[in-house]
Structure formats: C-alpha cells, structure tokens
Peer 1: 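Attaching a single structure in structure tokens format; questions to follow.
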2 protein chains.
Amino acid sequence: MARSMHVRRPATLASLAAELGVSRTTVSNAYNRPDQLSPELRRRVLETARRLGYPGPDPVARSLRTRKAGAVGLLLTENLSYAFRDPAAIGFLEGLALACEDAGQGLLLVPASPEREDVAAVHRAGVDGFVVYSVPDDDPHLAAVLERPVPTVVCDQPDLDNVDRVGIDDQAAMHAMAQHLISLGHRRIGVVCMRLNRDRNDGFVTPDRQRSAHFHVQRARLAGLAQAFGTVDVEWTDVPVVERFDHTIASGASAAAQLLDRDPQITALVCTSDILALGAMTEAERRGLRVPQDLSITGFDGIREAEQAGLTTVRQPVLEKGRAAGKLLLDSAERSRPRAVTLSTELVAGSTAAAPRGTAEERWFGP
Amino acid sequence: MARSMHVRRPATLASLAAELGVSRTTVSNAYNRPDQLSPELRRRVLETARRLGYPGPDPVARSLRTRKAGAVGLLLTENLSYAFRDPAAIGFLEGLALACEDAGQGLLLVPASPEREDVAAVHRAGVDGFVVYSVPDDDPHLAAVLERPVPTVVCDQPDLDNVDRVGIDDQAAMHAMAQHLISLGHRRIGVVCMRLNRDRNDGFVTPDRQRSAHFHVQRARLAGLAQAFGTVDVEWTDVPVVERFDHTIASGASAAAQLLDRDPQITALVCTSDILALGAMTEAERRGLRVPQDLSITGFDGIREAEQAGLTTVRQPVLEKGRAAGKLLLDSAERSRPRAVTLSTELVAGSTAAAPRGTAEERWFGP
DNA sequence: TTGAAAGCGCTAACAG
DNA sequence: CTGTTAGCGCTTTCAA
C-alpha cells in the first residue's frame, strides 16, 4: 500500500475532461450525479481518473461553488489543554461531535487561545456555522464569529440577544444548592468560583467584580447564592468569594486554603465546579478536617469523578448540551427568530454536605 | 450586541471595491497586507466594509486561491462517543490539538463512523493534511485519505510504507510485560484484547484470526506475548485469547469472566488496554478473587485511572503521540522520504501483578 | 445524455 | 502605493 509523498495536484476535473474528450459537466456528473450518466461512460471516467491520478473534485473549489463547507466550527476560548482535561467540556464535545456525525458534518476546532488575540483563525475557518462554548461576553474571538455571515449558537455563555443559545438556569440551580445548605443550617460559608473575567485574578473578589463579571455563568451562580442567603439575612458582602483563573484541582485546593485561612469558622465551602470542589476536598483532608462533619463542600457539574467522590453537587446534562447545540445549528428549519434551549439540572445530595457542628439542633440534642 | 440571523452574504470584495472606487487588489491588501496601503486608505476601506456589512474575505474563496485550508483533518474510525470516553484517545487529541494550535491551524474532526461507509466525508474535508489515528489497515476511510493529494501521518496503526508514522514499539512493550509476568512465575495466562478486525467477534480468538488481524497494534501486542512465553515453553496455541469489539470497562469484565470460566487455573490476565484491565479487576472482585494474590491482572496505556488503581501496566506517552503527529504533519521541512517517530514506553510495576500462588518458591518455602 | 457558458470570491504577479 | 490581468477548480442552469 505504498504511495508517493507530497503529491503535487496532478490533474483537475478540466484536464480529465480534456483527456477523455468529454465536457467538464460530464466528469462532474460522474462524481456527483451518477444517474445523469451512462454507467459505461461513468466507468470510463472513473478509470481514467485513476490512471491520471485525479483524486476527485477538489473539496475547496466545490465548497466555493456550492457555498457549503460541510463543517461546523467550534470556538472555545480556553487553552485546549484545559478543555481536554475538563470532563464537563469533554462531555460537551462528545455531544456536539455526535450531532455533527449524525448530520455528516465535520467539526472544526478553531485555534483560539485566550492569550493570543489571533482572531484571524476565526476568519480563516471554512465552516457553515459556529458553536461557541462558554466564553466571556467581551471575547474578541466571539466578536469575530458574530461578524461572520453564518448561523451561530452559543452554549452556556454569554447570553446574547438574537443569538441561539443552549444552557441551563445557572442562577436557579445554584439557588437550589444554597437552599439545601441553608436548610442544613449553614450560615457561614465561603465561595470558590472560576474565572470571572479575562484577566487573571487569583484571590478574593470584590462585590464590584462580581457584578461586572464577563463570564455570565459564574455571575449567575454567584447571584443565585447571594439571593438565597439574602433570605436568611446573610449579608452577601460579608461572604468571602475567592476566584481562580485556572480550572484545576490545585486551584480548588489553594482557594479553599485561602478561605479557611481567612475564616476558620466557615462551615461550608461552595464551589462553582466539581473540579474546584475536588480540590477543596484535598485541602480539607490535608488540614485534617473531616467532610462533612467539620466542613461541608459542594460542587457543580456532576462529573463522574464527583459522583465517585460522593460530592454534593448540581448535575447538568453536559452531553445533551453539546448535542442540542449541534442540532440547533444544523436544523435549518425555523431559523427565523432566536431560539433558546434550557436544559434541566438536578441537585445531587451526596455525602459531602451535612449539618454543621454546633447547629441549634446539636446544641439542643448533642452531636 | 444584537445581530440578525442567517444573514445573506451582503457584499463581496469586488462590490466593496466598486463602492470605494478602488481596485480589488487594494481592498484585498487592506485585509492581508496592511503595509501595502496608506493607513488612511485602509481606514476608509475598513470603515466602508463595516458600513456595507462586508464580513471580510471569504475563507473558502481565499483557500481556493491560496491552496491552503489552514486546517488538518483527523480521522479516527471509531464512534466518536468511544473516542471521547477513552482517556488515551483524549490524551492523543489533546496533544494533536496543541500542536495545531501552536501552528495556528484548525483541527477538523472528520465524521467517519465505522458503520456508515461514508467515505464522502473524507472527500469533502477542506484540509491541508490528515492525521489518521489507530485504524485497521483495510479501512475504506483510510484508503480515501491516502488518495487525497495531501500529506498524511498515521498514529499507531496501520504501519504503511511511504507514510509518515508515529507510534511505539508495541511488540517490544508487550514482550517486556510478558517477561515481567514470566519472571514472577506465571505460565498459565489468559489474554483479553481489543477488536482485531472490523467485524464484531466477541469471544475466543483463533490463531488464524490473530495472525490476520487488521488492527496492527493488537496483532503486535499478541505477538510480543507469544514470543516471550514461547521462550519458556508455553505453547501459544494453548493460551486462551478473548476479543472484545467494544472498548469499555464492561467488555473487560465480561471477557475476564469468559476466560476464568474456561480455565479457573489461570494465574494472570493480560489485557491489551487499561480500560479492559479495569474491567477485569471488577470481575475479579465480583468473584471474590484477590488481586494480585489469587489473580494477577495487567493493562496497557498508563491512563490516570489505571495509576489510581495501582495497575501494573505499560505507560505510553499518549499526549506526546498527538503532539508528534501534529508536528510531523505541519513540519513542511524534510518531507522527502517517509519518517517514523517511535516513542518510548515504560513498564509500570503496580500492585496488581505478583507471583502466583503455588509457585516453586512457595512450594519450597511456604506461602 | 451531453456540452457551452458563466461565474463562486478571492489573491498574486506584474506593471505603472 | 494602486490597478490590470489571470486564473484557483469546480458546479450549474440552459440548450442542444
């Protein structure tokens, strides 16, 4: 099964037609419309093509002519290495890839690192539409995508008028988690959240930064917390929130440390992702704090690793998000006005959240 | 940040030039060669473009003209869902994506399910080259790729003359694992391997099927085993080998069950992947067999889950494979003759392989 | 069934 | 610094 390397395009549809003494149309038909051709002629065309080393119609030229690239672009402004290390992102990717595969469409990963402002890659992408996964609303790559005259659907964030979107109700989901903790008796909590803006800010978050966060999802989750705890007279400005730029276990651990250092009285650590929560768990263990007896910890996403760890978390259908995004983009029908798909989430009461020590109940009845 | 949906391409470079009363070259230069233009004129061009809703040069037309798509195609003939569930495949993907990102190239996932013989997707892919990941040598998609006049590099399998390849020495790696088991005293083993051919064959494998396997990597690993055990007079035809089409934990478990049912005297289960080995572990546990006291189990790949389980396995640099494949493809230099990159592997002596009960040593000195 | 004509939208010499 | 001239390789009416 040998073949020569780096073959120079040897023949074109035109040269093949010339060789055969037929028109270009006929050759084109041999490939694209077999029924428009006598089987005998078609056989001759294909055979001559093989002999001349004609590799079939050039896909790019065809795309130019038909105005169809046969591919969907995926924009995720995140170092690819993080994306492929984040189970939630992988689940999304899987769902999207599935939808594309079903439709016979390719999936183009657009190279867009957050550092490099290489918007050119977006312009260069030969695709029939874009899926944008979880980017800040001021992302230049996103802006470039929106300028392209192709349909776009955003997953998770940002939430834009006039752009299709699939996501969940982040605020409600986090509100439910907060209610859970509140009902357990927690009033003194610390929060670990993901990147709120494009700039790196590893540390405590000011209320102002929370409000102005360009990562809409994080903003919504914090808002859900604030709202719920507000109902039990917990002043949100008193609740310490720590942000981490990198989304890793190590980040979760160091963030937890930072919170516990500032206020050892904290009874629960609310994390806006399972990865961060898993990191918080390791920090708790390192400190000899038992979870949930000494400290409750909650996550968000419902990844498999979290389930194995028994994490109390919010499960969201990541694969379905990807599939829905793909379907939405590929469904040419009813592309009249912007559509929104909001998938449902589920509070998973694991074994990492319980009533804090010294609740009223414990004081009355003993631990 | 509103925008209308499904915009019809409103303007072209030509119409923009006409509107401005300049040549097409000038407009083109405004986008591609800012230095060939007075800043003032460029500003005017860009502004008029915005006013007319011209989204910039069409990427497909540009690709046709420049003969560069700015993307590499990835062919993995495997249901995408499996690929995204296999940590080794994800690691490869990450490495490849990294290499592409470094080069500013897109990565196109070509939709090619093993079921559907949709070779058309390969023809439709607008890419400057292909990376083929671990497919059987008789895969029709592979054949279609090789017909395209673009460079190609294969990762793992198959091993083709005249095609760049990156992989490991599978036979040697498995040979080393076999030596390890042999030195521990194992002579009666069972083998669990992955798909050997495109057809589904969940069960025992005949020697003939082993020899004629189209999945080169599996064939090489089995050969490594056969060779090593041959040196200690274990007749390879007596060694039961069970094949599984699906690469899942469940497959590993059922395969292990099948082997142990046939021969309960087996002292070691050699699996050609960690996933399968992890499955075998669950089956051992289900049967109340202690690992490694009652049964040794080995894997292959060195995925994180295996490490956590303390699996005795062969670690291979999956991410590096992806990165190397990308680099090889993107390095235009020295594309004269086929190149081969063979990465090194490492035997990881975990806690799942030990001397079998009733070895000579134990008989002499007691367990 | 087949062919002729007309671009799809753009870039790249080369000349001015 | 700007314009002219030629295509890149293909599909697709419309006629024959």
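For clarity, every value in this text was computed on a predicted model and none was experimentally measured. Order of the sequence lines sets the chain letters (A, B, ...), proteins ahead of strands, with each chain counted from 1.
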Peer 1: Run the side-chain hydrogen bond (donor to acceptor under 3.5 Å, both in side chains) test against A:Ser81 and tell me which residues pass, sequence neighbours left out.
Peer 2: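 If we apply the side-chain hydrogen bond (donor to acceptor under 3.5 Å, both in side chains) test to A:Ser81, skipping adjacent residues, there are no hits.
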Peer 1: Could you state the atom-to-atom distance from CG of B:Leu64 to C1' of D:dT11 in whole Å?
Peer 2: 13 Å
Peer 1: From C-beta outward on B:Thr26, which listed nucleotide comes closest to its side chain: D:dC8, D:dT2, C:dT11?
Peer 2: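 Nearest nucleotide to the side chain: D:dT2.
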Peer 1: Would you tabulate the nitrogen or oxygen pairs shorter than 3.5 Å linking the protein to nucleotides 5-7 of chain D?
Peer 2:
unit_1: D:dA6; atom_1: N6; unit_2: B:Arg24; atom_2: NH2; d: 3.0
unit_1: D:dG7; atom_1: N2; unit_2: B:Arg65; atom_2: NH1; d: 2.9
unit_1: D:dG7; atom_1: N3; unit_2: B:Arg65; atom_2: NH1; d: 3.4

Peer 1: Taking DNA chain D as the partner, which of residues 30-37 of chain B come within under 4.0 angstrom of it by heavy atom?
Peer 2: B:Asp35, B:Gln36, B:Leu37
Peer 1: Specify the angle, to 10°, made by the local axes at the two ends of the helix from C:dT1-D:dA16 to C:dG16-D:dC1 when five pairs are taken at each end.
Peer 2: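 Helix axis angle between the two ends: 20°.
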Peer 1: Can you tell me which residue pairs pass the ring pair (Phe, Tyr, Trp, His ring centres under 6.0 Å) test with a partner in residues 15-34 of chain A, sequence neighbours excluded?
Peer 2: A:Tyr31-A:Tyr54
Peer 1: Look at B:Lys321 together with B:Asp156 and state whether they make a salt bridge at an N to O cut-off of under 4.0 Å.
Peer 2: yes
Peer 1: Reckon A:Val22 touches a base, only the sugar-phosphate, or nothing at all at heavy-atom distances under 4.0 Å?
Peer 2: sugar-phosphate
Peer 1: Distance check needed: D:dG9 C1' versus A:Leu16 CG, whole Å only.
Peer 2: 13 Å
Peer 1: Starting from C1' on C:dT1, measure out to CG on A:Leu20 and report it in whole angstrom.
Peer 2: 15 Å
Peer 1: Does B:Ser63 have any side-chain hydrogen bond (donor to acceptor under 3.5 Å, both in side chains) partners at least two apart in sequence or in another chain, and if so, which?
Peer 2: none
Peer 1: Between residues 43-51 of chain A and DNA chain D, which residues have a heavy-atom gap below 4.0 Å?
Peer 2: none
Peer 1: For A:Arg33, give me all partners under salt bridge (charged side-chain N to carboxylate O under 4.0 Å, His left out), at least two apart in sequence or on another chain.
Peer 2: none
Peer 1: Only counting residues at least two apart or in another chain, list the ones meeting side-chain hydrogen bond (donor to acceptor under 3.5 Å, both in side chains) with A:Glu47.
Peer 2: A:Arg43
Peer 1: Do any side-chain atoms of residues 122-132 of chain A form donor-acceptor pairs under 3.5 angstrom with protein atoms, and if so which ones, sequence neighbours left out?
Peer 2:
unit_1: A:Asp128; atom_1: OD1; unit_2: A:Ala69; atom_2: N; d: 2.6
unit_1: A:Asp128; atom_1: OD2; unit_2: A:Ala69; atom_2: N; d: 3.2
unit_1: A:Asp128; atom_1: OD2; unit_2: A:Gly70; atom_2: N; d: 2.7

Peer 1: Looking at A:Asp58 and B:Arg67, is any side-chain nitrogen of the basic one under 4.0 Å from a carboxylate oxygen of the acidic one?
Peer 2: yes
Peer 1: Just how far, in rounded Å, is P of C:dT1 from CG of A:Asn29?
Peer 2: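 In whole Å, C:dT1 P lies 11 Å from A:Asn29 CG.
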Peer 1: The side chain of A:Arg67 lies closest to which of these nucleotides: D:dC1, D:dC10, C:dC8?
Peer 2: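 The answer is C:dC8, which lies nearest to the side chain.
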Peer 1: Atom CZ of A:Arg62 and atom C1' of C:dG9: how far apart are they, to the nearest Å?
Peer 2: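 These atoms are roughly 18 Å apart.
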Peer 1: Sort and list the pairs that fulfil salt bridge (Lys or Arg N to Asp or Glu O under 4.0 Å) and have at least one residue in residues 92-112 of chain B, not counting sequence neighbours.
Peer 2: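 Sorted result for residues 92-112 of chain B: A:Arg85-B:Glu94.
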Peer 1: By side-chain hydrogen bond (donor to acceptor under 3.5 Å, both in side chains), which residues pair with A:Gln105, not counting sequence neighbours?
Peer 2: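 Applying side-chain hydrogen bond (donor to acceptor under 3.5 Å, both in side chains) to A:Gln105 gives none.
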